[in-house]
Protein chains: 2
Amino acid sequence: MTGDPRRQPEFSPRQSAVLEEALRLLVAGGEKALTTAGVARAANCSKESLYKWFGDRDGLLSAMIAYQASKVRTLETEGERLTAVSLRERLETFARDLLAVLSGDVSLALNRLAIGQVSRESAKLGELLRERGRRQIDRRARALLDAGQRAGLLFFGDAEEAYRTLYGLIVTDLHVRMLLGEAPVRDGEKRAEKAVSAFLKLYGTDKVLAG
Amino acid sequence: MTGDPRRQPEFSPRQSAVLEEALRLLVAGGEKALTTAGVARAANCSKESLYKWFGDRDGLLSAMIAYQASKVRTLETEGERLTAVSLRERLETFARDLLAVLSGDVSLALNRLAIGQVSRESAKLGELLRERGRRQIDRRARALLDAGQRAGLLFFGDAEEAYRTLYGLIVTDLHVRMLLGEAPVRDGEKRAEKAVSAFLKLYGTDKVLAG
DNA sequence: GATGAACCGTACCGTACGGTACTTAATCGA
DNA sequence: TCGATTAAGTACCGTACGGTACGGTTCATC
């Protein structure tokens, strides 16, 4: 047992460097550019090492998703007492962060990769991406919504439905459009503000609407 | 000049049959299963004919999207005078139809195909899908929203933003989740109702909220 | 300094696919 | 009935990729 069992490094520094290079290739050229020989060449490692570490190509793809997800750590800025103003601010920050994440090069490339892999037998990539990629940001939003309800600023019966609504108001069809190749938006700021205003109009109590 | 110049058949019956078979293969096995030899075998045609008709493999993919888009014809059920009740009904019908379209096998397969093709030089598929696939349903919704505004039931400054909001409330992240392999929803009915209620709460005038 | 593990670089193999060429059957107009 | 066009079927070619094997090199351990 080396190190804290709760802290599983999951990937060695060398492997992380290789995965980083693989992500770079994927972003640059899509899945077609992600050949085992190409990754080995770009990362200055041998194909034999790739297969030893990741099993096969699918293992490499899964590792790339797991690695990228392990890098994303959402800061849980809890603690303060929520007010109408601070709730709105926190929601807008969440909205901006969500749009930034979804617009990111690596995120888009990995989503495209996973979507392209669906309907293969080893269709674990999509599930992996849904599970590991979304959980962090979902938990952050859910915690914020719950805090808003506890503070008497929001009211909803079904937290899942409220969160889905918030997500839809922020993202609309932008994610799919970007996945299809459209350039990321430039009005993220205004989009975030409008989405949060609409959300508060739907789920805000009198307390927050007066603020 | 054979036939009406406004009615361009675009694809001969034989070609349509081939494209139909290609779509079937794509839905069944994803892009990997869509080989030229496989299409030729499944459609009982020669590879040489495929290349004569569609140029190359990319041409075949584009043709598949164009063909599928040409099959979708949105019925423009205009005419009646909108009331609060009928507007809600029409919006809910639109929501159900939108969810049904996005959940369709062929739609999901083509979207996955186009998304997988992004970041190749011939990245026309995504654009093609955005242009030809969405235009019909967008126009229908925009017409409905405009009619609602003219009838004094809706109020919005920016029609584009109102439509985006409606879309986001209906679909949320469902489309991406399905693209990633999640099974289509079963609560489309309730989802449509709730989305329309939220939309009317945001954009409905007193007239429609009273109804 | 010897030993063994890890790993890089490269060469190699089998396969599968995109695209082309050729042969043969069928359809159709004169 | 004949010639021409079309397309099916097949065989073929080049290439590129996933996966494996092997020789050489570094590096840690004894």
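Each chain gets a letter, A, B and so on, in the order the sequences are listed, and its residues count up from 1. Note that this is a predicted model, so its numbers are computed, not measured.
- An OP1 or OP2 oxygen of dA6(C) is reached within less than 4.0 angstrom by no side-chain nitrogen or oxygen of Trp53(A).
- The phosphate of dA7(D) has neither OP1 nor OP2 within less than 4.0 Å of any side-chain N or O from Ser49(B).
- For Asp56(A), taking side-chain heavy atoms from C-beta onward, the closest of the listed nucleotides dT20(C), dG19(D), dG9(D) is dG19(D).
- One can place NZ of Lys47(B) at 14 Å from P of dC13(D), the figure rounded to the nearest angstrom.
- When the salt bridge (Lys or Arg N to Asp or Glu O under 4.0 Å) test is applied to Arg130(B), the partners found at least two apart in sequence or on another chain are Glu182(A).
- If you measure from atom CD of Gln15(B) to atom P of dA7(D), you get 8 Å, rounded to the nearest angstrom.
- When each of Ala43(B) and Ser46(A) is assigned the nucleotide of DNA chain D bearing its nearest heavy atom, the one mapping closer to the 5' terminus is Ala43(B).
- At a threshold of 4.0 angstrom between heavy atoms, the contacts of Arg14(A) are confined to the sugar-phosphate backbone, with no base atom among them.
- Look at CG on Leu60(B): it is 13 Å from C1' on dG19(C), rounded to the nearest Å.
- When the P atom of dA21(C) is taken as reference, atom CG of Leu50(B) falls 16 Å away, rounded to whole Å.
- At distances below 3.5 Å, not a single donor-acceptor pair connects side-chain atoms of Arg57(B) with backbone N or O atoms of Thr35(B).
- Classification of the Phe11(B)-Phe54(B) ring pair by plane angle, with boundaries at 30° and 60°, yields tilted.
- Put simply, the side chain of Ser49(A) never gets that close to the backbone of Cys45(A): no donor and acceptor are under 3.5 Å apart.
- Considering every non-hydrogen atom in both Leu129(A) and Leu110(A), the closest pair reads CD2-O, 3.8 Å.
- Within the 4.5 Å cutoff, no side-chain heavy atoms of Thr172(A) are placed close to those of Leu169(B).
- To the nearest angstrom, P of dT10(D) lies 14 Å from CD of Glu48(B).
- As rounded to whole Å, 21 Å separates atom P of dT6(D) from atom OH of Tyr51(B).
- Atom P of nucleotide dT20(C) and atom CZ of Arg57(B) are separated by 15 Å, given to the nearest angstrom.
- Rounded to an integer number of Å, the gap from CG of Leu61(A) to C1' of dG18(D) is 12 Å.
- Residues forming a salt bridge (Lys or Arg N to Asp or Glu O under 4.0 Å) with Lys71(A) (at least two apart in sequence, or on another chain): Glu20(A).
- Within residues 21-32 of chain A, no residue has any heavy atom under 4.0 Å from DNA chain D.
- Here Thr35(A) does not reach the OP1 or OP2 of dC17(D): none of its side-chain N or O atoms lies under 4.0 Å away.
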